[in-house]
Amino acid sequence: MSKIETIKTVVNTIRENKGLQPVEDVTEQTHLRDQLELDSLDLAEFTVRIEKETGVDIFADGIVQTVGEVLERIS
Amino acid sequence: MSKLFLADASEQVSYTYKELIEDLNSGPHELSCFFLGKKTYDVFRAYLLVLLCEIDITLLDADFSAEEIDALIPDADERARKLSCRVEPPIQGVADLLERVRRVGEGRIGFFTSGTTGLPKRVSHQIATLARSVKHSSRHAESVWAFAYNPTHIAGCQVFMQAVMNGNAIVNVFGLDRKGIYNALQDYGVTNISATPTFYRMLMPADQSVGSVSRVTFGGERMDPKLVEHLERAFPSAKFLNVYASTEAGTILAAEGEVFSIKEGLEDLVRISDDQLMVHRSLLGEFGDTTHTPVDDWYATGDVVSIISENPLRFKILHRSNELINVGGYKVNPAEVEAVLRAMDGVREVRVFGKKNSILGNLVCCDVVLGNPDLTEKAIRQHLASNLQAFKVPRLINFVGAIETTRTGKLKRS
């Protein structure tokens, strides 16, 4: 699975647990809070799940806001 | 035009002091003794009625479920109890309101705090104790406060009293997103912010700066010096202050940076024993049930400290000695969450624990041993969501074959 697909799968797991519809289009420009509707609890869960998949704590050096920034941290 | 009392961006309403006074004068006010304030304004009005009419009420979080409330107050008659009060004589304008709220009076206010034995416990305070740390003078008259705490928690109560006793405008930013917060700070010319480190982390990266902010206060969690560096960019004119407060004791310490010292006049009422911060019972509220009453004159806060100097006493707070999980400043009692999980048919054993997290400090997670293999994660999540406040719900659920225990047979939480 490509890295962006991994991110999309994780996002959709979190959205589904909140009772939201899964998202189809995720690009590097997609904003985690504004477009994917992740609040701070969701973002905390997101970091843990991404770390489980990639071994990287993406928020360790400050806040990331877009999918592109997540990709930079895990590449 | 009358001065602004409360601007609530998320509820899209605002109230002036004139409207507030008209409302307070319009009694009699009927209130539940266990007050569930759905709107911030309603909670603020309840605080004012405690100050003005010397009533005794206990606040419930707006997001408590009916099941949680039933468990907290098992007696249905007690739950349904109401009181009625009237502001007498009517308030004659803002100056009169300020003079009367500053008199404080004999009212009492109760809060629920995360308990160590399963359920949150009720702690009742004289409003005068909570008002002790309020400073009022003409120097504070033009402050504008960003309100960033849950209004039904003690930190929210203290920020509210500091603001209202100086006749300040309050801008509610609790629950807003990053953009909404920056907009509110700019639009209202906010001068003071008091919030948890998690709230400030939400404002990162500091790509905007708000020059009007002159004071930034931290509470509820350990402050990260790196975060302060970033915040200096967002609030270039601000001074940074760290406070130590707990639901049991109210505000007792303050620090510039990470090193705490004891407030003047309280030196004999705070001490450190076995590296743990202890406060004297005279600083505490009354506990709702006797099982939580301090055994002698000193209450162990559960905060483990490292001493920097003995005289005067200065120290850093290292961590909590007990098992509460701090999720962005909110304390989660794993035993409470475990009890909710165990109440589900098909759940055999559970373990709830905190996992370190760079956003919230900790994230609640759990291991579950199923007795019924057909029970789904979705069903467990629904059960949790309908029985617990959102921050208490485990975000990661691991299905395991067995739960590890310590040598004494207790659940291993780390």
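If you're wondering where the values come from, they're calculated on a predicted model, not measured in any experiment. Here is the naming used below: chain letters follow the sequence lines, and residue numbers restart at 1 for every chain.
Contact annotation for residues 36-48 of chain A against chain B (heavy-atom separation below 4.5 Å, listed by residue number): A:Ser40, A:Leu41, A:Asp42, A:Leu43, A:Ala44, A:Glu45, A:Thr47, A:Val48. Interface residues of residues 6-30 of chain A toward chain B, defined by a heavy-atom distance below 4.5 Å and sorted by number: A:Ile14, A:Asn17. Contacts from residues 65-75 of chain A to chain B, taken as heavy-atom pairs separated by less than 4.5 Å, involve A:Gln65 in sequence order.
Side-chain N or O atoms of B:Tyr200 include one that pairs as donor or acceptor with a backbone N or O of B:Thr217 at under 3.5 Å. A:Glu5 places no side-chain N or O within 3.5 Å of a backbone atom of A:Ser2 that could act as its donor or acceptor partner. No side-chain donor-acceptor contact under 3.5 Å links B:Asp61 to the backbone of B:Asp63.
For the atom pair B:Phe64 CZ and B:Leu36 CG, the distance stands at 9.0 Å (nearest 0.5 Å). Separating the OH atom in B:Tyr182 from the CG atom in B:Asp187 is a distance of 14.5 Å, to the nearest 0.5 Å.
Aromatic ring orientation, B:Tyr330 versus B:His153: perpendicular (interplanar angle above 60°, classes split at 30° and 60°).
Pairing each heavy atom of B:Asn172 with each of B:Phe147, the nearest pair is OD1-O, 3.3 Å. The shortest non-hydrogen separation linking B:Ile325 to B:Gly354 is CD1-N, 3.5 Å. Closest heavy-atom contact between B:Pro394 and B:Leu384: CD-CD1, 3.7 Å. Scanning both residues, B:Val216 and B:Ala238, for their nearest heavy atoms gives CG2-CB, 3.8 Å. Across B:Arg381 and B:Arg395, no two heavy atoms sit closer than the pair NH2-O, 3.2 Å.
Contact tally against chain B (heavy-atom pairs below 4.5 Å) for A:Arg33, A:Lys52, A:Glu51: the top residue is A:Arg33.
For residues 356-370 of chain B, the set of pairs meeting the salt bridge (charged side-chain N to carboxylate O under 4.0 Å, His left out) definition, not counting sequence neighbours, comprises B:Arg351-B:Asp367.
Residue B:Cys366 forms a side chain to side chain contact (heavy atoms under 4.5 Å, CB included) with just one option from B:Val337, B:Val350, B:Leu341, and that option is B:Leu341.
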